[in-house]
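Here the structure is laid out as structure tokens; the discussion comes afterwards.
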Amino acid sequence: MQYTTTYQSPVGEILLAADEIGLTGLWFAGEKYYALNLDEEHEEKEIPVFAEVKRWLDVYFTGREPDFMPPIHMIGTPFQVEVWELLRKIPYGKTTTYGELAR
């Protein structure tokens, strides 16, 4: 079962989705792929993982590097999960290119 809640960030509303394992999705309101892959059967409910995610976002939006990571449950194809794992390795405050990721 997926659960949802919203977070009011300095750059707009964010929809958060999670299951019992961890965060499964995060989308900015109005974006092209908003709520993509969100289970049709989901419930708006505050669960413990959301408190951790919101605390992480609070730290991030103050311009500091969070010193913890909330649980994340990556649900996707093997290729998607591989790319997401690579994205998680990009250091805070750094950027990279698609080409560098592909290599």
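Computed from a predicted model, the values in this text were never measured in an experiment. When reading the values below, keep in mind they use all heavy atoms of this one structure, side chains included, and skip hydrogens, waters and symmetry mates.
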Over all heavy atoms of both residues, which pair between [X] and [Y] is shortest? Give the atoms and the distance, please.
X	Y	answer
Trp56	Pro70	CD1-CD, 3.5 Å
Arg64	Pro66	O-CD, 3.3 Å
Tyr7	Leu16	CB-CD1, 4.3 Å

With rounding to the nearest 0.5 angstrom, report the OG1 to CD distance, Thr77 to Gln80. 3.5 Å
Value rounded to 0.5 Å, distance of CG in Asp39 from CG in Asp19: 8.5 Å
Is there a path of hydrophobic side-chain contacts, each under 4.5 Å between heavy atoms of I, L, V, M, F, W or Y residues, that connects [X] with [Y]?
X	Y	result
Leu38	Met1	no
Leu87	Tyr92	yes
Met74	Val83	yes
Phe68	Phe61	yes
Ile14	Tyr33	no

If we only count heavy atoms from C-beta on, is the Tyr34 to Leu15 side-chain gap below 4.5 Å? yes
Taking the side chain as everything from C-beta on, heavy atoms only, tell me whether Ile72 gets closer than 4.5 Å to Arg88. yes
Check side chain to side chain contact (heavy atoms under 4.5 Å, CB included) between Glu100 and all other residues, then give those that pass, not counting sequence neighbours. Thr96, Thr97, Arg103
Flag, side chain of Glu52 to backbone of Val49, donor-acceptor distance under 3.5 Å: no
Steps toward side-chain contact (heavy atoms from CB on, under 4.5 Å) verdict (Thr4, Lys45): CA-CA 6 Å; Thr4 60; Lys45 179 181 177 181; over 6 Å; no
Determine all donor-acceptor pairs shorter than 3.5 Å in which one atom belongs to a side chain in residues 21-29; sequence neighbours excluded.
{"from": "Thr24", "atom 1": "OG1", "to": "Gln2", "atom 2": "NE2", "distance (Å)": "2.8"}
{"from": "Thr24", "atom 1": "OG1", "to": "Ala17", "atom 2": "O", "distance (Å)": "3.2"}
{"from": "Thr24", "atom 1": "OG1", "to": "Ala18", "atom 2": "N", "distance (Å)": "3.4"}

More than 12 heavy atoms of other residues, nucleotides or ligands under 6.0 Å from CD of Glu65: is that the case? yes
Under 3.5 Å, is there a donor-acceptor pair between the Thr5 and Glu46 side chains? yes
